[in-house]
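Reading through the C-alpha cells given below for one structure.
Note that the coordinates shown come from a computational prediction; the quantities given were computed from them, not determined experimentally. Excluded from the calculations below are hydrogen atoms, water molecules and symmetry mates; all remaining heavy atoms, backbone and side chain alike, are included. Every number for a ligand or one of its atoms is a count from 1 in the order of the listing.
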Amino acid sequence: MSKARLPEPTSADKAAALALAPVSRETLTRLEAYVDLLLQWQAVTNLVAPSTLPTLWTRHIADSLQLLDLVPGAKTFADFGSGGGFPGVVLACALADHPGARIDLVERNVKKAAFLREALRVTGAAGEVHHRDIVDYVDSRTEPVDCVTARALAPLHQLFGFAEPLVRNGAKALFLKGQDVESELTEATKYWTIESALHPSRTGGDGCVVEVTGIVRRSMAAAGGAK
Ligand SMILES: C[S@@+](CC[C@H](N)C(=O)[O-])C[C@H]1O[C@@H](n2cnc3c(N)ncnc32)[C@H](O)[C@@H]1O
C-alpha cells in the first residue's frame with residue numbers, strides 16, 4: 001500500500017512568515033535546510049501535526065523567531081522539550097552567525113533527540129542536544145543561561161517549576177502559549193510569585209508569549225496549603 005502524500009508548506013505562507021519575522025539570507029538558507037529535513041523525517045516520525053504543514057512557516061518558524069526581539073543580546077539558550085525543534089532549532093539557525101551563541105535542546109524522546117542532532121548538523125547551527133529529562137538537565141546545569149524557552153510542553157505552573165533554578169540564576173524565560181494562558185496563570189500563581197509580561201503573538205490567533213523575569217515559590221501557608 002502506498003503512503004499518503006503529506007501536505008507541503010505553501011510559498012504564500014513562507015512569504016507571510018518572512019514578512020512577520022524577517023531574517024538574513026544566511027539564516028534563510030539554514031531554515032530551508034531545516035524545513036527540508038523536517039519534511040523528510042515527518043514522513044516516518046510525527047514531528048508536527050500534519051494539518052499544520054501547509055502553514056509550517058508562520059505556525060512554527062515565525063512563531064519561534066518572534067522570541068528573539070524579546071531577548072536582544074542573549075547568547076545562551078536552553079529550550080525545554082524541543083520535540084521537532086520549535087523554537088530551539090529555529091533560534092539556533094537565527095543565531096548561528098552570532099559569536100558565542102549556543103542553544104541547549106533538551107528532549108527525552110530518543111527519536112526526536114536524533115532528529116534534533118541531525119538538524120543541528122545539516123544547518124551548521126551551534127547547539128547541543130541533551131537527551132534527558134528537563135529536571136536532570138536543570139539539576140546538572142552549573143553555568144547560567146541568558147534565556148529559557150518552551151512551547152507546547154506543559155502548563156505554566158509546571159514550566160515555572162522547571163525554569164525556576166535558571167531564572168534565579170539570571171535567565172529570562174519565554175513560554176509560547178495558546179488561548180488558556182489566563183487560566184494557567186491563575187493556577188500557577190497559587191504556587192509561584194512571578195514577575196511576568198504577556199505579549200500577543202505576532203503570528204495572530206489567541207497565542208501569546210509569557211515573558212518571565214522572576215519566579216519565587218510561594219510558601220505553603222501563602223499557597224493555602226497546596227503543594
Ligand atoms: C508536544 S511536544 C512540543 C515540541 C516542540 N516544543 C513544539 O512546540 O513543537 C513536547 C515535547 O517535550 C518532550 N518532553 C516532555 N516532557 C519532557 C521532560 N520532562 N524532559 C524532556 N523532554 C520532555 C516530549 O518528548 C515532546 O517531544
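- Contact residues of ligand 1 (protein heavy atom closer than 4.0 angstrom to a ligand atom; sorted by chain and number): Gly81, Ser82, Gly83, Phe86, Glu107, Arg108, Asn109, Lys112, Arg132, Asp133, Ile134, Arg151, Ala152, Leu153.
- His131 and Arg117 share no side-chain donor-acceptor pair at under 3.5 Å.
- Side chain to side chain, Thr27 and Ser24 meet the donor-acceptor criterion of an N or O pair below 3.5 Å.
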I would like to know whether Leu176 and Ser201 meet side-chain contact (heavy atoms from CB on, under 4.5 Å); could you show each step before the answer?
CA-CA 8 Å; Leu176 287 152; Ser201 173; 5.7 Å; no
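- Aromatic ring centres of Phe80 and Phe175: separated by at least 6.0 Å.
- Asp69 and Gln66 share no donor-acceptor pair across their side chains, judged by distance under 3.5 Å alone.
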Name every donor-acceptor pair, under 3.5 Å, that has one atom in a side chain of residues 153-166 and the other anywhere in the protein, sequence neighbours excluded.
residue : atom : partner : partner atom : Å
Glu164  : OE1  : Arg168  : NH2          : 3.1
Glu164  : OE2  : Arg168  : NE           : 2.7
Glu164  : OE2  : Arg168  : NH2          : 3.4

